[in-house]
Number of protein chains: 2
Amino acid sequence: MNKAEILIIDDEPQIRKLLRISLESNDYKVNQASSGKEGLIIAANHPPELILLDIGLPDKSGHEILKELREWYNKPIIILSVQDNENDIIGALDNGATDYITKPFRTGELMARIRSAIRRTQNIDLNETIIICNDLQIDLVSRVVKKDDEILKLTSTEYNLLTLFARNEGKVLTHQYILKEIWGVGYQTETQYLRVFVAQLRKKIEENPNNPLHIITESGVGYRFS
Amino acid sequence: MNKAEILIIDDEPQIRKLLRISLESNDYKVNQASSGKEGLIIAANHPPELILLDIGLPDKSGHEILKELREWYNKPIIILSVQDNENDIIGALDNGATDYITKPFRTGELMARIRSAIRRTQNIDLNETIIICNDLQIDLVSRVVKKDDEILKLTSTEYNLLTLFARNEGKVLTHQYILKEIWGVGYQTETQYLRVFVAQLRKKIEENPNNPLHIITESGVGYRFS
DNA sequence: CATAGTTTTTATTGTTTGTTCACGAAACAT
DNA sequence: ATGTTTCGTGAACAAACAATAAAAACTATG
C-alpha cells in the first residue's frame, strides 16, 4: 500500500509505457513527464523516491535537466540513453547522476539498479533493514510500520514523514528541510501542513499524544525524533 | 592531493596492472589482492575507500566475497566481470554491490563511476561537529546540547547565544558584538536582552548559577566562555 | 460516477518564547 | 565609605508559535 514513487522523464510514449508496466509490477507508484520542463515541475511539486531521466529530450538536453534537478534534489537519478557515448556517460555521472544505463536495457537489471540506488540513499544496511525505536519498528524495505507488533495503517505522506524522522534520529530537522523533502521545494512556508501531519502521526505512534516521546517539538525550529 | 585508497581484487595480473596504472594516474592509492581470500584480509586490515571486485575469482566466487565484505564494509564495492549475464548482475546488485561493470570496460567511464560512488558515500558521513566543554556537549549538526549526557531544552535564542560563546571559547565578546550577532544590527544598545538571556542560559548550563564557571562576566565589557 | 481514503484549508484554543519593567545585588570610581 | 554605574533575576505581558478538530477539496479505484 505504501509504494515508493518513481518519476519517468522521457518523450517516447512506448518507452514510458514499458517502464511504467515494469515498475508497477514491481510495486512502485509511477509518475510520468514527457518533457524536461514538465519533469522539473512534477519533481518540484511532488518529490519522488527516484527519477528515471532520458538524456535525449526534445525541449532541453537531459544534461541540463540533470543539473537543474541536482540543485535541490538529492535522491537517485538514473540516466537512460540510446547513446553509448563515453563522454556523455562521464559527463552525466560527474554531474550527479547515480547510474547510466544504455537502451535497449534489460528490465531485470534496471529493476536491480533501481533497488540498489534507493537502498543506498536510504542508507539501508543490507543486514539491518529495520529501524527499531522502543515499541516502534519500521521496515524500510517492505515499508511496513509496527507498534508493539501491531501493523500501523499509515498514509504515504505519514510514512514518508516518519521514515525521514527515523533516518535522522536525534537530529533536529527544521520545518523548511522537512517540507522540502516531503512536499517539494515550493512548500517551504507551509508549516501548517507539517503541524497537521505531525499531530496525525503522534496519534498513531505515541502512547500519549499529549506527551510525545518520539516526535519532539523544537519550538521555533522544527522537530526531533528519538 | 586525492589519495583515496582503492583495493583491487582480481586474479588476472594484466587487468590489475591496467587498473593500477589508470587509478594511480587519477591520484588514487592502490592496493591489490590476487584472490578473494587475500582481498578479504587486506580489506579487513586496511579498509579502503572503495573496492573493485572481479566476480570470476579462482578460490571463491566473487558473489561470496561480496556477501562476506558486506557484513561489515559499507563503502562502495564495484563489480567487474567478463560475464554480461543478467542474473549475475541482479544478484550482485541485490547483495549490496554499488555498481556492476562488464569487461572490457572503458577507463574513462570506470573512473567516472568510481568518482560518483565515492562522492556519494562522502556526503553521507561528512557529519559530526561536536564541541565539548567539561560537562557540556554541543552537537552543531544535530543542533542538540547535552549536559552530563542529558539533553537540555534550549530556545533558539538561547541555543544561538550558546553556540556563539562556544565557537569563541576563551575570547571576551563585547555586548555590542554579541547583540549584533544574535539580534542583528540595530539592537546593539539593548544590553538588557543580553542580561536576561545570559541569566536564563546560566540557569540551564551551570551547576551553580550564582558562581558561573562557563559564562564569565567581564564587567563593563562583555562575557567570556570557558 | 460514486465512494472511501487522503490531503489541504480554516478556525479555535493552548503553549512557548521574546520583550519589557522593576528592584536588589555587585562592581567600580572617587 | 558613599554614590554611581553595571548586573542579575523574577514576573508580567504580548506576540509568535503549536496542537487539534473539523470541514472542504481533491484523488484513486472499483
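So you know, we letter chains A, B, ... as the sequences are listed, proteins then strands, and number each from 1. Remember, it's a predicted structure, so these values are computed and weren't measured experimentally.
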Checking contacts here: which listed nucleotide (D:dT9, C:dT9, D:dC7) is nearest the side-chain heavy atoms of A:Tyr193?
C:dT9
Out of D:dA19, D:dT9, C:dA27, which nucleotide sits closest to the side chain of B:Val196?
D:dT9
For C:dT7, does the base pair up with any side-chain atom of A:Glu190 as donor and acceptor (N or O, under 3.5 Å, distance only)?
no
The side chain of A:Thr217 is closest to which nucleotide in this list: D:dA21, D:dA18, C:dT17?
D:dA18
Which nucleotide sits closest to the side chain of A:Trp183: C:dT19, C:dT8, D:dT20?
C:dT8
With the side chain defined as heavy atoms from C-beta on, A:His175 is closest, among D:dT20, D:dA18, C:dA22, to D:dA18
Name the nucleic acid region contacted by B:Gln200, choosing base, sugar-phosphate or nothing; use a 4.0 angstrom heavy-atom cut-off, strictly under.
nothing
Proximity to the side chain of A:Lys153 - top-ranked nucleotide from D:dA18, D:dC7, C:dT6
C:dT6
Counting side-chain heavy atoms from CB outward, which of D:dA28, C:dT16, C:dT20 is closest to A:Lys29?
D:dA28
Regarding A:Thr191, tell me which of base, sugar-phosphate or nothing describes its non-hydrogen contacts under 4.0 Å with the strands shown.
nothing
Are OP1 or OP2 of D:dG8 and a side-chain N or O of B:Tyr223 less than 4.0 angstrom apart?
yes
Look at A:Lys3 and D:dA28 and indicate whether a side-chain polar atom (N or O) is within less than 4.0 Å of OP1 or OP2.
no
Return the nearest nucleotide to the side chain of A:Ser219; candidates are D:dA18, D:dG8, C:dT7.
D:dA18
From the set D:dT9, C:dG18, D:dA19, return the single nucleotide nearest to any side-chain atom of B:Thr155.
C:dG18
Solution key, residues 107-114 of chain A side-chain donor-acceptor pairs under 3.5 Å, sequence neighbours excluded:
from: A:Glu109; atom 1: OE1; to: A:Arg106; atom 2: NE; distance (Å): 3.3
from: A:Glu109; atom 1: OE1; to: A:Arg106; atom 2: NH2; distance (Å): 2.8
from: A:Glu109; atom 1: OE2; to: A:Arg113; atom 2: NE; distance (Å): 2.9
from: A:Glu109; atom 1: OE2; to: A:Arg113; atom 2: NH2; distance (Å): 3.3
from: A:Arg113; atom 1: NH1; to: A:Asp99; atom 2: OD2; distance (Å): 2.9
from: A:Arg113; atom 1: NH1; to: B:Asp99; atom 2: OD1; distance (Å): 2.8
from: A:Arg113; atom 1: NH2; to: B:Tyr100; atom 2: O; distance (Å): 2.8

